[in-house]
Structures are given as C-alpha cells and as structure tokens.
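Quick notes on the structure that follows.
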Amino acid sequence: MTIRVAVRLAAGMALACGMLASEASAQTQHRWRVSVVTPPGHPYNLGMEEFKKRVEAGSNGRIQVTVFPSSQLGGEVESAKNVQLGTLDMTIVSTSNTAPFHKPLEVFGVPYLFKSMSCAYTVMDGAVGKEMAEALRKQAGMRVVGWYTFGMRQLFNTRKPLLEPADMKGMLFRVPADQMAEAAYKSLGANPVPMDFPEMFGALQQGVIQGADNPLITLYQFKWYEVVKYASISNTAAGLSPVLLNEQAFAKLPPDLQALVLEAGTASAEVNRSEEAKATAKAREELVKHGVRIDEVDTAKFRQAVEPVFQQARKAFGEDLVKRIETEQNGC
C-alpha cells in the first residue's frame, strides 16, 4: 500500500467516523430531566410516562426525556425553582406551590370553588387556565404544557367521623402555606396548623395534628391508614397541578417539535386524569380493607360554612376572576 493510498483510507475513515458522530449528535439534540415527587405508578408518573413516550417517538429521538420519581431531584418547591432557573427542564407542581410565581393561582385552593373534578378540568382547559399559563410563562419563564390532577381533597383524621362542620370544632388540622386554606379551616371551626407535606405523617403519629385534607390516593399510597382511621368524602378542593417546562428549553425547539411537545402535554394530561379516577376508586376499596371508615357527607353544609372565604377570595383575587371561574362551570 502506497503512502498516498493509506492517507486516503485514513481520511475516508475519519470522515465516516465524523459523519456517524454527527448523526448520533443530531439524533438526540435535547436531553430533558423531569422531576416528579410521587412514586412510580402514581397518576402523575403515568401521565409523564405518556408524555415521554409520545415526545421521544414523535421526535425520532431528537428529544430524550429522563424522569426522576419520588423526589429524587427535590420536592415541588425546589423543583419549580430549578425549572425557572433552567437547572431542571420539567416538573409537576401543585397550584399552591406554583402560586409564589403567580399569586392568583392561590384562588384554585379556595374550598368548594369547583363543583366537581370534571368542572375543574373545564376551567383549567378553558380561558382562565390559559391566562394563568401565559402569566407563568411571562413572569416566571415556565411554560405550562398540561394541567394534571392528584385528586379531590377529602377530609381525614385520627379521632372521629366528621359528618358536618360542627364535628371539626377545636381539632388541629394541617394546612399548606396558603391564606385561603387557613381561613377555610377557621370557618369550619378547626385550628389550622401550617405544615409542609413531608412532615405530615410524623405529625399525625405524634398528635401534633389530628387531620388534614388530601386525596384518597395519597392516604393509600403513603400508608397514612396506619394512623388515620376516618375519612369523609367532602370534595373540599380539586388537586390541580401544572406541568412546567423551562421556557428557554421550549424556545430552543424547532416549530415541529414545539407542536409535538404541546400535543404530548395535552395527551398526557388525559392519561393522568383517567388514571387518577381509577386509582381513587382502588384506593377507596383498599383503605376500607385497612380499617379506615369512609363516610359520605352533605357537602352543601361545608360549602355554606366557608362562604366567608369566598368573600375573602373575591377581595383578594378580584370579583371578576372568581365569577369567571364560577361561570365557566355552568353546564359542566
């Protein structure tokens, strides 16, 4: 082999390797990390699995999505801040924990604002939800690609059946850091105790709190039935969560991939909602098996008791916003 031929062969091999490397690089151009606080199998996670499947398949591998469940990358508040900073690409955060980025989101935590979960979906998928999403994009640099749910909040406690508001008088109930939630529990006669979610199980065990409101799925998956013995189907509030994507990560995508991501977000929300309904039904059955007494209650009595909170909400968020949310539920 002459030197000239050897040089040509070497050059050809280098070119081929370069082309292969270039093709591999082009194949995966966007690597996204997603933080999810819930464990595998939760409706959050099942929704995100659908998102990952659709995005990776639809982009032919140009977008790669890696999901980190069970708070591996931090809790909701930390994850939301990291998405805003761009050190994390995506996460799912409850509206109460997203409210620091856009205060009007607190309105969704007002008890009995929504007539049902399906009515809540109507609002979030409608004009009000779109406006909230646009405000988050502009003010916090986070794009909402879908609205998930973690279920309807139900009252539960360690002491006795709660059949009407009077049964709650003087009891210690955990609330998130939310003025509306605190005001609601005071209206119901309870003593609100602000507390982060991870502290709740220990606080229930030790009697620091005697109850709270969370979906039945939460009671079951986190094994709170070990200390909680009573639950009331009060439908206190709809658990809603935006799926947040760093806006700069979205802006880097070409138009076809942007459309794909938005379509995948909508489709994944449908999966999340469907799985939540099935998981809630299963959780109710399992909780009864574990000795939890579950009572149906007259929610109208509870709604009437928190009427002062509605007046407070109208002052805090504006009469127009509250009225629009109520109007969008007409006929749902």
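No hydrogens, no waters, no symmetry mates; every other heavy atom, side chains included, goes into these values. We're numbering straight along the sequence, starting at 1.
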Check the hydrophobic clustering (I, L, V, M, F, W, Y; side-chain heavy atoms under 4.5 Å; chains of links allowed) and say if [X] and [Y] are grouped together.
X: Trp32; Y: Val83; result: no
X: Val144; Y: Val93; result: yes
X: Val228; Y: Ile233; result: yes
X: Trp147; Y: Leu245; result: no
X: Phe108; Y: Phe150; result: no

Decide whether [X] and [Y] meet the rule of one side-chain donor and one side-chain acceptor closer than 3.5 Å.
X: Glu276; Y: Thr280; answer: yes
X: Ser241; Y: Tyr44; answer: yes
X: Gln64; Y: Arg31; answer: yes
X: Ser96; Y: Ser94; answer: yes

Can you tell me how far [atom2] of [Y] sits from [atom1] of [X], rounded to the nearest 0.5 angstrom?
X: Glu263; Y: Ser268; atom1: CD; atom2: OG; value: 12.0 Å
X: Ser232; Y: Glu296; atom1: OG; atom2: CD; value: 9.5 Å
X: Glu50; Y: Ser274; atom1: CD; atom2: OG; value: 10.5 Å
X: Phe317; Y: Leu113; atom1: CZ; atom2: CG; value: 10.0 Å
X: Glu76; Y: Thr38; atom1: CD; atom2: OG1; value: 8.5 Å
X: Asp89; Y: Asn82; atom1: CG; atom2: CG; value: 10.5 Å

Ion pair present between [X] and [Y], side-chain N to carboxylate O less than 4.0 angstrom?
X: Arg303; Y: Glu307; result: yes
X: Arg159; Y: Asp167; result: no
X: Lys81; Y: Glu78; result: no
X: Arg143; Y: Glu134; result: no
X: Glu326; Y: Lys323; result: no

Just wondering, more than 12 heavy atoms not from [X] lying within 6.0 Å of its [atom1]?
X: Lys115; atom1: NZ; answer: yes
X: Lys282; atom1: NZ; answer: no
X: Gln139; atom1: CD; answer: yes
X: Glu131; atom1: CD; answer: yes
X: Lys229; atom1: NZ; answer: yes

Heavy-atom pair of closest approach, residues [X] and [Y]:
X: Arg54; Y: Ala264; value: CB-CB, 3.9 Å
X: Cys119; Y: Gln329; value: CB-OE1, 3.3 Å
X: Ser59; Y: Leu260; value: N-CD2, 3.5 Å
X: Arg314; Y: Glu319; value: CD-OE1, 2.9 Å
X: Val123; Y: Glu328; value: CA-OE1, 3.4 Å
X: Ala184; Y: Val306; value: O-CG1, 4.0 Å

Within the 4.5 Å heavy-atom criterion, are [X] and [Y] side-chain neighbours or not?
X: Val288; Y: Ile294; value: yes
X: Lys186; Y: Asn191; value: no
X: Phe310; Y: Val110; value: yes
X: Arg174; Y: Asn214; value: yes
X: Lys252; Y: Gln29; value: no
X: Phe51; Y: Val34; value: no
X: Val208; Y: Leu172; value: no

Please confirm whether the backbone N or O of [Y] pairs with a side-chain atom of [X], one donor and one acceptor, at under 3.5 Å?
X: Lys130; Y: Asp125; result: yes
X: Arg33; Y: Thr87; result: yes
X: Asp196; Y: Glu199; result: no
X: Thr149; Y: Gly151; result: yes
X: Asn272; Y: Pro43; result: yes
X: Gln221; Y: Thr218; result: no
X: Gln258; Y: Phe250; result: yes
X: Thr299; Y: Ser234; result: no
X: Lys301; Y: Pro165; result: no
X: Arg153; Y: Pro215; result: no

Item to check | From CA spacing to verdict: side-chain contact (heavy atoms from CB on, under 4.5 Å), Tyr148, Met48 | outcome: CA-CA 10 Å; Tyr148 280 19; Met48 190 49 62; 4.1 Å; yes

Next on the checklist: Between His42 and Asn45, does the side-chain contact (heavy atoms from CB on, under 4.5 Å) criterion hold? Intermediate values first, please.
Outcome noted: CA-CA 5 Å; His42 187 277; Asn45 304 64; 3.3 Å; yes

Item to check | Partner residues of Lys52 under the side chain to side chain donor-acceptor pair (under 3.5 Å) criterion, sequence neighbours left out | outcome: Glu56

Next on the checklist: Please determine whether side-chain contact (heavy atoms from CB on, under 4.5 Å) holds for the pair Val297 and Phe302, giving the CA-CA distance in whole Å, both sets of side-chain angles, and the decisive distance to 0.1 Å.
Outcome noted: CA-CA 9 Å; Val297 301; Phe302 288 84; 3.8 Å; yes

Next on the checklist: I want to know whether Trp224 and Phe197 have ring centres closer than 6.0 Å.
Outcome noted: yes

Next on the checklist: Apply side-chain contact (heavy atoms from CB on, under 4.5 Å) to residues Ile209 and Phe173 and explain how you reach the verdict.
Outcome noted: CA-CA 6 Å; Ile209 57 173; Phe173 270 77; over 6 Å; no

Next on the checklist: Both conditions, 6.0 Å and 45 degrees, for the charged tip of Arg273 above the ring of Tyr121: are they met here?
Outcome noted: yes

Checklist entry - Name the one of Leu244, Thr91, Ile92, Asn97 that satisfies side-chain contact (heavy atoms from CB on, under 4.5 Å) with Ser79? => result Thr91

Item to check | Of Asn235, Asp213, Thr236, the residue whose pairing with Gln154 passes side-chain hydrogen bond (donor to acceptor under 3.5 Å, both in side chains) | outcome: Asn235

Next on the checklist: Is the ring pair Tyr220/His290 parallel, tilted or perpendicular, if the boundaries are 30 and 60 degrees?
Outcome noted: tilted

